[in-house]
Number of protein chains: 2
Amino acid sequence: MNASRIPGQRAGLSRGRVLGAAREQIAEAGLEGLTMRALADRLGVTPNALYSHVESKTGLVDDLLDDVLAEVDEPALGGDPRAALHDLMSSTYDVLLAHPDLVPVYLARQGARGENAQRLGEIMLTQLERAGIGGPAAREAQRVLIVHTIGFAAFTSSAAGDPRVLAPNELRSNFEAGLHWLLAGIGVATQAGP
Amino acid sequence: MNASRIPGQRAGLSRGRVLGAAREQIAEAGLEGLTMRALADRLGVTPNALYSHVESKTGLVDDLLDDVLAEVDEPALGGDPRAALHDLMSSTYDVLLAHPDLVPVYLARQGARGENAQRLGEIMLTQLERAGIGGPAAREAQRVLIVHTIGFAAFTSSAAGDPRVLAPNELRSNFEAGLHWLLAGIGVATQAGP
DNA sequence: ACCTGAACACCGTTCAAGT
DNA sequence: ACCTGAACACCGTTCAAGT
């Protein structure tokens, strides 16, 4: 597109601008529409210019994934640990569904390598500890809750394009039902379901 | 590779042979190694010849996915419905882990379009009914159990390439723990965990 | 350090032709 | 109907060069 620049001239790119453009591209054309070449076009740059700010397409997507988790609401520090765990998973579900194209990629990658993913994982362990669950049992509970939350978000987002769709409301309350069953099994359940 | 054939000569291809070669290719080179061109090479054929037996690469993978589910053990008809549900999900988990490269694709696709997937879904509903769960509650339970099983299989298979790995045994008993929590919550639990 | 130009080594899929 | 030959419209990534 932009042939007015010659080698050596800056285009004003930055890592942040590249990630932002990637989010725009996904929003407009879906995950399959996110190619290095389309991304370069959007930024008015040749494809290889991106590699000055991003190590690879895989790395770019990894950063995108972890950035999404920054939007998850952290529970208050002093509150009820059971409610905190419920709200944390529930907020994660909502945040994931706000970026439906990225959800299927989550379980494919190792679930917890980015900064935000690790931080959320530690918050979970802290709240589990406060609820009386520690050691290996806490890590078991943590994995089950993560799988349920990301898995159900993936299920919901893939069902969105289906002909005989369920209403998102129904799938959300389905997610909540499972979450309560799990919290009860782990031993941190509130008295009543919603 | 094979330049000895001229247009019009048969190569002896069939849908079954294509699917079989696809499985071999995945086993040797992983899912990313499954390309139409590599598949054609393996069969001694030009890439476009495959389109006489398969509608697209996506369709091929869909068939591969559903074929895997044919290996799942069906529960005995007359037994305890709680045990049947447990064994069915447990067998599904094992079968999925026997094909780790295909697992991440499952949740990305609509979970239940193939023949075998639908058949297993109906078996679940039958056993839930026998356990006293019917109607919308049964479909809720069904979704939660499916998400847990496929999700945990995906988690386990992605953790297999990890440096600080957990033993597969540990992840399997982690899966079992979550499964028992869910069955208890649904209302079809056995008295004791494993 | 940041970008362009050009290229490498691939993809899935289609179209026309041959038997 | 089943295959080849050739091509279309793409990919991610690398290498050399320019400022």
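Order of the sequence lines fixes the chain letters, A, B, ..., with proteins taken first and strands second; residue numbering starts at 1 for each chain. Because the structure is predicted, anything quoted here is derived from the model rather than measured.
Per the geometry, CD belonging to A/E32 stands 13 Å off P belonging to D/dC10, to the nearest Å. Taking atom CG of B/L43 as the reference point, atom P of D/dC2 lies 15 Å away to the nearest angstrom. Atom CZ in B/R15 sits about 17 Å away from atom P in D/dA1, given to the nearest Å.
Looking at DNA chain D, the stems built from 3 or more consecutive Watson-Crick or G-U wobble pairs, each pair with its key distances under 3.5 Å, are C:4-8 with D:12-16, C:12-16 with D:4-8.
A 4.5 Å side-chain heavy-atom check between A/H53 and A/R17 finds every atom pair outside the cut-off. Annotation: side chain of A/L39 is not in contact with side chain of A/K57 (no heavy-atom distance under 4.5 Å).
When atom types are taken as modelled, the side chain of B/T149 and the backbone of B/I146 share no donor-acceptor pair closer than 3.5 angstrom. A donor-acceptor contact shorter than 3.5 Å links the side chain of A/Q25 to the backbone of A/G33. The closest donor-acceptor contact from the side chain of B/E115 to the backbone of B/D66 lies at 3.5 Å or more, if one exists at all. Of the possible donor and acceptor atoms, none in the side chain of A/R82 sits under 3.5 Å from a partner among the backbone N and O of A/L183. A/S91 contributes no side-chain N or O that, together with a main-chain N or O of A/D87, makes up a donor-acceptor pair within less than 3.5 Å. Remark: the backbone N or O of A/L65 is paired with a side-chain donor or acceptor of A/Y106 at under 3.5 angstrom.
No hydrogens or angles considered: a donor-acceptor pair under 3.5 Å links the side chains of B/T156 and B/Y93. With hydrogens and angles left out, the side-chain atoms of A/R172 and A/N169 include no donor and acceptor closer than 3.5 Å.
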Tabulated below should be each protein N or O lying under 3.5 Å from an N or O of nucleotides 12-16 of chain C; please produce it.
residue, atom, partner, partner atom, Å
C/dG12, OP1, B/M36, N, 3.2
C/dG12, OP1, B/K57, NZ, 3.2
C/dG12, OP2, B/M36, N, 2.9
C/dG12, N7, B/R37, NH1, 2.5
C/dG12, O6, B/R37, NH1, 3.2
C/dT13, OP2, B/Y51, OH, 2.5
C/dT13, OP2, B/K57, N, 3.1
C/dT13, O5', B/Y51, OH, 3.2
C/dT14, O4, B/N48, ND2, 3.3

Distances for protein N or O near nucleotides 17-19 of chain C N or O, under 3.5 Å:
residue, atom, partner, partner atom, Å
C/dG18, N2, B/G8, N, 2.8

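Taking the six-membered ring for Trp and thresholds of 30 and 60 degrees, A/H148 and A/F175 have nearly parallel ring planes, at less than 30 degrees apart.
Phosphate proximity of C/dC2 to A/S52: absent, as no side-chain N or O sits under 4.0 Å from OP1 or OP2. Between B/R5 and D/dC3 there is no side-chain N or O to OP1 or OP2 distance below 4.0 Å. Between A/H53 and C/dC3, a side-chain N or O to OP1/OP2 separation shorter than 4.0 Å is present.
Using a 4.0 Å heavy-atom cutoff across all strands shown, B/A49 reaches at least one base atom of the nucleic acid.
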